[in-house]
Every structure is written in structure tokens, then in C-alpha cells.
Amino acid sequence: MAEYLFLIPLLPLLASAFNLLVARTAFPDRANVVATLAVFGSFLLSVLVFREIYNDEHALHQTISTWIESGSFSTSIGLYADQLTAVMLLMVTFVSTLVHIYASGYMKGDPSFYRFFSWLPLFVFAMLVLVMADNYLLIFFGWEGVGLCSYLLIGFYHRRRSAGNAAKKAFIVNRIGDFGFGLGIMLIFTTFGTLSFAGDQGVFHQVTELGVSERTLTWIALLLFTGAIGKSAQFPLHVWLPDAMEGPTPVSALIHAATMVTAGIYLLARSSPILREAGDAMMVIAIVGAFTAFLGASIATVQNDIKRVVAYSTVSQLGYMALAIGVGAWVSAIFHLVAHAFFKACLFLGSGSVIHGMHEEQNIQKMGGLRKYMPITFWTFLIASLANAGVVPLAGFWSKDEIITGAWASNYLPGLGNYLAIFALITALITAYYMFRLIFLTFFGEERFDHHHVHPHESPKVMTLPLVILAAFAIGFGALGFPPDEGRFHDFLNPVFYGESHHDEEATEVAGVASDGSAVLFSTAAEEGEAGHGIHGHPTITDELKLNMGIVSTVVALSGILIAFLIYQKKRVDVVRFASEHEGFYNFLYNKWYFDDVYDRYIVFPLRRLSAWLWQKVDVGGIDGLLLWIVGALTWISGQLRRLQTGLVSNYALAIALGMVVLVGFYFAAFSDLFR
Amino acid sequence: MDSIPILSLIAFAPLIGAAVIFFMRGIGQQQARAVAMAAVVVSFVLSVLMILDLEKNAEFQFQENVEWLTDLGVAYRMGVDGIAAVLILLTTLIGLLCVIWSWNAITYRGREYYITLLILQTGMLGVFMALDLFIFYIFWELVLIPMALLIGIWGSENRVFAATKFFLYTLVGSLLMLIGIVATYQQYYETTGVRTLNILDLQNGWDLGAYSAEFQGVAFAAFLIAFAIKIPMWPFHTWLPDAHVQAPTAASVVLAAVMLKMGGYGLLRFNLPLFPEGAEDWAWIVMALSLIAIIYGALVALVQPDFKKLIAYSSVSHMGFVTLGIFTNIFLVSRSDLNGFNGSMMVMIAHGFNTGALFLLVGMLYERAHTRRLSAFGGLAGRMPLYAFFLGLFTFASIALPGTSGFVGEFLAILGAFQFKKWVAAIAFTVAILSAWYMLWMYQQVIKGRPYGVLPDAHDGSLTPAEQAEIAAAGDGHGHHGELLHAPVSGGAHDHPEDGQLDSSIWPDLNRRELLALVPLAALTIILGVYPDLIFNIVEPSFERIMDPFLRGPLN
């Protein structure tokens, strides 16, 4: 299978090129067929890859070509597939296929249909390169590639200025993260002498071999995390993601919920051998993640645009994933990533179905009672919301619960883990609340839309089928993660994070906390001697803890739903009056904690002022001014000298006579004894 | 092939073409452009053959030696190594594309135009292949005159001022270089007793102890200023925006794609090999100026209202990477640490492609709109999809997206800087953010949104659903569309007198001739972005040779 790895990204790339070059003129309305088939082909190949890895437990590796060979610096174009890649491959190609099918219906009749189906497979290509790359620079290629496609697709409605602004903002804000990622890549190269991570010569092997200082590793980890902050929309660079909803809804589902935004989490998980040795960086990741989760959830509670609520929910869930990485719950992070991909894609596609059925209306205040008009959309949306809220036994429950448990058990500073876990639980409460606020406002209650203009209807089958499939996964996927931390999903992924010896029964039972404070859920490290400096007597993850935490988080989620039910269904609280009584607080949330305003006022605006000043005062005024002054001075001197050339012979004669006198006088003064 | 003076043929084919046009009195523009095309094609094909035949070592190949002023040590010496060969190919390619672009675009004094363009071509090619300082200087100055004429005769409204500024600026640099040349010649003579202007001999002068440390400091500065003006390095860059804005498209393309590279080439060919100690003394200043140029150029580009000026300032920023890469690399410790050199070489080539293509695209738009004001455009994606595609491609190539040659160049140049001092690289790398900012700002103004002067329409998808609802609410029964529809289209541009001409709906999309000029550049940008070894294989031996003195110190 290894020799066919290249086909997986190649198929979507070919489809993209074909649609751009051929389908554009030949059959623009059928471009979706080419793209969907290509992505489906990648999915089938991914299944084969998965099977082979599942059976053999050996990573597949294919080197296609060299890329940059500059002196001692060398990178290749090589593909690598281990268990982590296999999971990502399946998820990416599967969700992509569904979104392609869905978009065939959603984008129908758009004048730029072919363009949409050129950029969408191009995105899939870049994303597949990202998850399959065998070195950091090729990851960066995919990383920037998905950024490009994100730009193209957010700004897909190119006449819409707000779409253009959102696209530009997404790319530039991401570039801030890439700035850190790029420097991280350079630091990896100067530290390890290579950028490829697989194999004996790879970075990961050398982390332990070379004895690199923790300080350097912390720097590398933080720089890589900077990249993740941008791409995975963590605080303080989360501001681009909600705006990205200007793109067509299938794009929001695929790129800005299921796949691209999880690239940062993937990068961190991929770099686990480095992160594991960088305790301080892990702590930063955990705190930023927990805060992002809370930030996103808090804003989602007051938004009225259906896509924005879901978008802020995405920010929040990405925060959970970063928290999981930060506390060393690697498998849980990936588990949540995949579960989230299913239910969040379902939520976005469901939102698209609602918007479609409501004639492009996105404001949930102008909806209500839609469940009888669009039953399939309603039920799938409900299931995905339950999963997002973390209600047992849906996928989101198992993954989120693991993260909270992992946070509880982590221990960077005394008590920090407990705070993180409680913080995450509060966020879970808010999550359940805003999801069901959305459900009640959209699908229940009185119908607040104008019946003369709007006739809600269910979407066509091509759109509802993907919803049903995704909802099924949102229910069933959790089973792979049962029992918590020991499910089949974990068995499959453990070798990536904890070495090959995970089958050892004893090893999986030992749980301890390593010196860096991250929770070691499966301490095979104990055998490798790393636990030698592990600190004993700290909280460990026992079955009892798991059970208690499960009960607590279920209670929390149900309370959130109950609050939403009481407020929005039973009308126990007048929300309008409540908002006006706490106007400052409401506006603070509604205006997204004023992040955009602060950035505009204190970064963007001053930079533009500075630029204008540099141009007008330094360039035009300063440098050119100085030059013009010199030119002017020269002109003036020349002008004065010109006066000597009067053209009158007598003047010249006088000048000659005077000159003679001066010269002769000078001669006598300097060289003769006449005046001595 | 050894017997054929292939370098002279490459260099003088354009000049012969110019002579043919000049002496054949009767011919009109039609024949003139055909002759010009033939000349640049010959030059291009020969340079391709030359580079295919080039051996990948540090030797100067295809050498030609014709004794001339033997007593003075002047001879007609030509020869190329990898660095020169690559730049020669770039020059002949750009020359070819310029003639393609000019085909129908030039109507005023066509014969003279092609003569000037061809002489310019010969001058630039000669600069890259001369192995004698005297010959080099002649070619260097030869470039100046036709470029000034191109700007001054075929330029825009302020052309004479721009041409004068360009001419004087570069002349100051040239004269300083002349002083440097004479001084070096004299120093070499005083030590060895041999009068020569042979560059290869003079490069041994350091090993022979001909150039004292103090002398190196001064002579380095003389050469540096000449090249700094050409590159252009901050603060010697202010001629560039004026020259670019006023120059006709082909001159802008040549200027950006090739002429600026003469500065980078000069640094690599003369400053580093002749005066290694001078280079180490001056490196910090050059690095500081490079960093300033990188950031400053990007920031100033951010506020340009003129399409060409924006790209001109972005050139200042990009060329900063060339000098940064070169002068950080000399401090690296190993013969195989070539990231800075390779990076700056690739930046030069990538910048040639990207900026050349961007100026072509500006020119194509200017032919249709007769303005370069960014606020006068908008919404071209609908009417001119091919244009939008190519502008987008080169926009992202200029942003240095991985997969384009610009990424390889800038990444390696910054990596070289990182290996030297991490904070230097960190400062330089901020341009990743700034370049995305100004380029996407430009792209949005030109390509996206509504066309200039077109009011929003609730049904054309230019408004969000919320805005449409607002209009519908305001418009019900009142016959007007609310404030939204009457808002200025882009940045209050309504007050401009050219309003009437700016009907983009009648602008045709790119035609075949224009595509013919753009497609090769697009292909090369991608090819070198994916497989940059094509270039590195050729240039690396030369860089190892340049690196040598910095690693070992003087031989004696």
C-alpha cells in the first residue's frame, strides 16, 4: 500500500485542475461529479491504508521526491502514514465526501459552480498533504495550502465586500500564527539538523538521543503552538473563525469546523514527543485551551446568527482539544477531534439546511417552530447538539469527559489541574445551554417568520442524506471509546503516543504523573525509565474518578439543557428585560469581548498611521526632501557661478588680471624670499 | 560548442537586431517588432543551450579572451559561472516576454522603442558575463541610457522627472564604483606589479595581500553604494517608485525583473570575493539596512493608492531578503551552509517572475482603464476571470506561499539568518504577515467587491442576506434603497474626473498574447517552487567558492 500513498492527495488535486481547466468550459454544471468521485476515491484508498495499518501496526512511508536541497539543508516530499495519520485520513476523506455530496445540492444553480468544485478538492488535497507529510516543511506546505483554499472559499461570493474582508482577515490572522510556526520549523532544523520526523534519523527519535535542553524544546513547542493558535482559532487569534462564516455553508462545515481548524491540534498531537519534554509549554497550552473553550462558549450564548453560534461553539470545542493536548491526554484530544468533526459538520450542514429552507435567513430570532417543516434536519440537528453538549451516550460525551478527567489529574502547579477541570465543567454547562437555546429558538416555540414571504421546507435528499449519516456517527462513534481511555480507539492510537509496547496489559494499568506534570494515562514510560523521575502520590486516573467525573459532567450537561428549556421554552425568564438590565455585560458578550475593536484600534489603525507617516515623512519628505535640497543647493551654486560668464570681454580681462595678481602674489608669498 | 563564442552571441544578438532596425531605413513598426522578436528569440534559445551545456562546477565557462588594451591590462573577457548563467537565462526570458507584451501595445515611435529595448537587453546580458572590470563597467553604464530613454520617452505624465531622477541616482553610484575599480586596480598593481582588470586575477588579490583591511573597508563601500542603489537598499530606494510608476510596462518589467538583480549580482561577484574583510566589517550595517528595507517596504506598500507604487515598494521589501541572505551567510561556519546564498539567489529569480508578472498585469489593466489608481478598480472577478486568476496566482506567489519559488527563496534566506542570529530572522519573518496584508488588500480592491461606480443590487449576490433585508425594509414603498445603496463603492472614489472612462464592463479579459506572456512565468514559479534544485544544482558550486575565503582566512 505504501507505494500508492501518493494517490490519496493526488486524486483531489487532479480533480481540482481538471475542473479548473476542462470542466470550466466543457460542463460547468457537472463539475461536482468529478470532484466528488475523486474525493470518494481518496476515501476508499484511505480505508485500505487504515486496514493495513490496523493489521500490521507498521507505519507506511513513501518518499516521492526531494524538495529543497540547499547545502546541508534537505527536505523531501514524502508521505507518512501511522495510526494517527490513518485516523485523520479516514475522518478528512469521509467528511469531505459527505460535504461534496451535500454541496452538490446546496450550490446548485450558483453561477460559479465549477469554481466551487475546483477549490473544494484543492482544499482536500492540501489537507491530505498536511496530515500525510513526513516532515515539518511539507506540513507547512499543506498548512499554507489549506489557508489559501480557506481564503478562496470564504471569499467565494466575491462581490460581497464582507466576504472579501472576512477572507482577508482569516488569511492575515492565520499568518500571525504561521509566523510562529515557521520560526518553530527553523528552530527544529537548527536543533536537530533535519525536519523529517519519522524514522531513526527523524526529529522524534533524536529528542531523546541528542539530549536537547528542555529550554529549547519548550521554545519549539511554544512556537508550534503559535501556529496552532492561528489555525485552530485559539485565544487570542480566534477572531478570524466566526467571520469565516461568510463563506458558503458547506465550506464552513468542512473547512471551518471538521478539518482545517483541527490542523493545529493535529500538529500538536503529531509533535507529542517534543511537547512531552516541554512541561511549561504544555501548561501554557492547557491554560490557553481552557480559556478559549470558555471564551467561545460565553460569546455563543448571545449570538443570533445560527452559523455564528455554531462557529463560536467550534472555537470553544477547539479549546477543549487544546486543553486535552496540554494535559497530555493525547488520545482524548484526537478522539474529541474526530467526534467533533462528525457532530459539528452535522450542525453546520444542518444550519445550511435551515438557511436553505428559510430562504437565506440566518437570524434565529426570526425562526421558531421549524421542526414540523424540516423533520430530518431537526432530528439530526438535535442529535448533533446533544453530542456537542456532551450528553451520555453520544460521541461528544465520551471524548469531552476524558478531557475533563485528564485535566483533573494533571498537575503542573498545585491545584491547577482541578481548576482547569472545574473551568471545563462550567464551560460544558454553558455549552449545553447555548446549544439548546439554539434548538428551542429555531425548532420550537412560535413561528416568528413572515409567512407571506418565507415558506420553510425540508431540503432535498442530496442534502439530508449526509446529515443522517453524520448524525449516525455522532451517536455511534462514542462506542469506539468505551470504556473510557481503554476503548478500541485508544488501543489503536496508543502506539503513536506511548510507544509500541502498549499491548502489555500491566503497562496500560499503571497510571502516574510524569515530572512535567502531564497526566500519563498509560505509563509505558515507566518501563522506559522515564517514570524514574515521576512524582508519586499525585492524583491518578482511577476507575472511580472516571465514573464520578462521568456522573458530574452528565449532570452539568443536563442542567444546561434544563436552563435553556426553562428560559426559552417555558419563558420563566424574560430574556429581553434581563439583557437590558445587564446591558454592559450583554454588550460585552454580544460584541465578542470587544476583541475586534481593540485589535482595530490598537494594532491595525496605528500600523496604518505609521505606514502613512513613513511614506509621507520619511520617504517623500525625508529622503527625497534631502535629495531635492542637495539638487537645489547645487542649482543655486551653479546659478551663482553662471553670473561670472557675462560675455563681456572687459570683465574677462579684469578677471584675468586679478587672477594673475593673486597667483603671482601667492607665489611670492609662499615660495620666494621677497616678503621674508 | 567550444569554438563558438556563445556568450557574445547571446549578448550581441539583441544589439545586432537593434542595428538592423536602425539601418534599414524603410521598415516600419511591423517589421521592427519582427526583427526584435527574432533577436530576443535567438538570444533566449542560445542561453537555454548554454545553460544545458553548463558544467556544474565553480569554474567560469565558455570563456572568451580577446586582447585589447594590453598595456593597461584590459581585455575583452567573457565567461559565466552558475550564478551568471541563471541570471542570463532570466534576462533573455524576460526580454522575450517584454517583446511579446509590446507587440500591439506600443504604437508611438515603434522602431525607436525596439532599438532602445534591444540595446538595454545587450547591456544587461553583458553585465552578467563580463570578466573584465573595464568591460563590466561599459556594460553597466550602457544599461543606464536606454532605460532612462524608455522612461523618459514612453513613460507616463511625469516621465522626464522620473527618468532624470533614475539617471542621476544610478550615475552617482556608478561613479563611486569607478573610483573603486581604479583604486583596486592600482592596489593590485602596487603589490604584484601586474596591471590587470581581469576579475579572476583581481579576486586573488586578497590572498596575495594586495588589499589591506583599511583599503577593503573603503573600496567595499564604493562598490556597495553602487550596488545598493541598484538593488535598491534602503535608504537609496526612492528612485524606484518614481521610475516604476512612470515607466512603460516593458521597462517596469525589465527594471524589476532584471535590473535590480544587477545589484545583487554585483555584491556576489565583486564585494564578497574581492573584499572579504570589508564584507565582514560592513555586514552589520548591510543587515540592519536589509531589515529596515524588508519591514519599511512592506509597511509603505500598505498605504499606496497606486497599483504600481505598491508593487515598487514591495520590491524594496523583497530585495531586502537578497542582501539579508547574502550577508548573514558569510558568518555561517560550514562550507555546506548555503541557505542564505541559495535563498537570496532564489529570491532574485522568484522576484523576477512575480514582480515581472505583476507589472505585466498592471500594464494590461492600464491599457484598458488608463489609470493605475487602486480605488478605480473593483469587481473584476466577474468580467475578467482569467485576469483574476493570474493576478491571484502571482499575488500568492508574492506572499511566498509554499509551492511557489518565492517561498523557497524567502524561507531559505530567513533560515540562513536564523542560523546566524535568531532574532534577525524573527524580525525579517514578520514580513510574512505584512506581505499578506498589503497584497491581499490590493487584490481585494482590484478583483473583489462591485465594479467601480456600480451600485449594489439586492439580487446579484453582492450583499449579505442581512443587508438585503435592510434594503428591502427601507425600500418598501418609498422608491429609494436606503443609505446602503448610496454609499461610495470603494473609499469615496466618486470625486474623480475619470469616472466616465471606468466602465469595466467593456474591458475584455486577457487575450492570447497576454496569456502567452503570463503562462511561462506562472509555470516557472510553480516548477521552481516544487523543484528548486534545478537552480541550486547550478549555483551551489559558485557559492561554495564565494564562501571559501570567509571560512579559511587569507592564504598567506
Side-chain angles (χ1 to χ4, degrees), chain A residues 20 65-73 77 111 115 137 140-145 147-148 151-152 155 157-165 167-168 171-172 175-176 178-179 182-183 186-187 189-190 246 305 355 360-363 607-608 610-612 614-615 618-620 622-624 627 631, chain B residues 168 235 237-238 241 296 299-304 334-339 342-343 379 381-382 388 392 396 401-403 407-408 411-412 414-415 418-419 422 425-426 429-430 432-433 436-437 440-441 444 447-450 460-468 530-533 536-537 540 543:
Chain A
L20 207 57
S65 151
T66 59
W67 183 13
I68 303 177
E69 302 272 330
S70 154
S72 56
F73 176 83
I77 301 177
R115 188 158 56 91
L137 203 64
F140 194 67
F141 172 89
W143 186 272
E144 294 274 286
L148 165 71
Y151 173 85
L152 294 171
Y157 300 124
H158 54 74
R159 286 178 72 90
R160 204 178 277 178
R161 203 190 313 173
S162 53
N165 284 334
K168 188 168 58 134
F171 196 88
I172 295 168
R175 269 284 163 123
I176 299 173
D178 298 351
F179 166 76
L183 288 178
M186 292 177 201
L187 188 54
F189 173 71
T190 53
E246 289 282 347
D305 183 321
I355 296 166
E360 306 305 315
E361 180 58 74
Q362 303 201 359
N363 189 341
L607 264 179
R608 289 196 72 96
L610 172 69
S611 303
L614 285 175
W615 179 35
V618 178
D619 232 56
V620 177
I623 300 171
D624 269 1
L627 290 177
V631 169
Chain B
L168 290 179
H237 67 280
T238 58
Y296 180 98
L299 282 176
V300 175
L302 202 56
V303 289
Q304 295 306 314
S334 145
R335 201 178 151 88
S336 55
D337 281 333
L338 297 173
N339 294 328
N342 277 336
F396 278 98
L401 201 77
F407 170 72
V408 178
F411 179 79
L412 288 181
I414 296 173
L415 183 60
F418 192 88
Q419 286 172 295
K422 295 183 174 60
F429 201 34
T430 54
I433 305 163
W437 191 354
L440 292 183
W441 176 74
Q444 185 172 9
I447 296 298
K448 300 193 164 202
R450 296 183 292 272
D460 68 353
S462 66
L463 300 172
T464 60
E467 287 169 333
Q468 284 176 20
V530 177
Y531 198 69
D533 290 2
F536 295 155
N537 282 337
E540 270 189 6
F543 285 133

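Being a predicted model, the structure only gives us computed values, none of them experimental.
Of the atoms belonging to B:L412, it is side-chain heavy atoms, and not backbone ones, that fall under 4.5 Å from chain A. Interface residue B:F407: only side-chain heavy atoms are found under 4.5 Å from chain A. Proximity to chain B involves both the backbone and the side chain of A:L187, based on heavy atoms less than 4.5 angstrom apart. In this structure, chain B has no heavy atom under 4.5 Å from any part of A:D305. Looking at A:V631, there are no atoms closer than 4.5 Å to chain B (heavy atoms on both sides), in backbone or side chain.
Counting heavy-atom pairs closer than 4.5 Å to chain B, the top-ranked of the candidates A:I77, A:V620, A:D619, A:L20 is A:D619. Note: A:L614 leads A:L607, A:L614, A:T190, A:T66 in heavy-atom pairs under 4.5 Å with chain B. The greatest number of non-hydrogen atom pairs below 4.5 Å with chain A, out of B:N342, B:L302, B:N339, is found for B:N339. In terms of non-hydrogen atom pairs under 4.5 Å with chain B, the most contact-rich of A:L610, A:D178, A:N165 is A:N165. Most heavy-atom pairs under 4.5 Å with chain A, from the set B:H237, B:K448, B:Q444: that is B:Q444. Considering only heavy-atom pairs separated by less than 4.5 Å from chain A, the leading option among B:L338, B:T430, B:L168 is B:T430. The choice from B:Y296, B:Y531, B:F536 that makes the most heavy-atom pairs within less than 4.5 Å of chain A is B:Y296. Heavy-atom pairs under 4.5 Å with chain A peak, among B:V300, B:V408, B:N537, B:D533, at B:D533.
Shown here for A:F179 and B:A426, the closest heavy-atom pair between the two residues is CE1-O, 3.2 Å. When all heavy atoms of A:I623 and B:T238 are compared, the closest pair comes out as CG2-CG2, 3.5 Å. Pairing each heavy atom of B:I414 with each of B:A425, the nearest pair is O-CB, 3.6 Å.
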From CA spacing to verdict: side chain to side chain contact (heavy atoms under 4.5 Å, CB included), B:W441, A:K168: CA-CA 7 Å; B:W441 176 74; A:K168 188 168 58 134; 4.0 Å; yes
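In this structure the side chain of A:F141 reaches within 4.5 angstrom of the side chain of A:W67, judged on heavy atoms.
For B:F396 and A:Y151, the ring centers are positioned less than 6.0 Å apart.
For A:L152, the side chain to side chain contact (heavy atoms under 4.5 Å, CB included) test picks out A:W119, A:L148, with sequence neighbours left out.
A donor-acceptor pair is defined here as one N or O able to donate and one able to accept, closer than 3.5 Å; such a pair exists between the side chain of A:R175 and the backbone of B:A432. Counting only distance, with no hydrogens or angles, the side chain of B:E540 and the backbone of A:G71 share a donor-acceptor pair below 3.5 Å.
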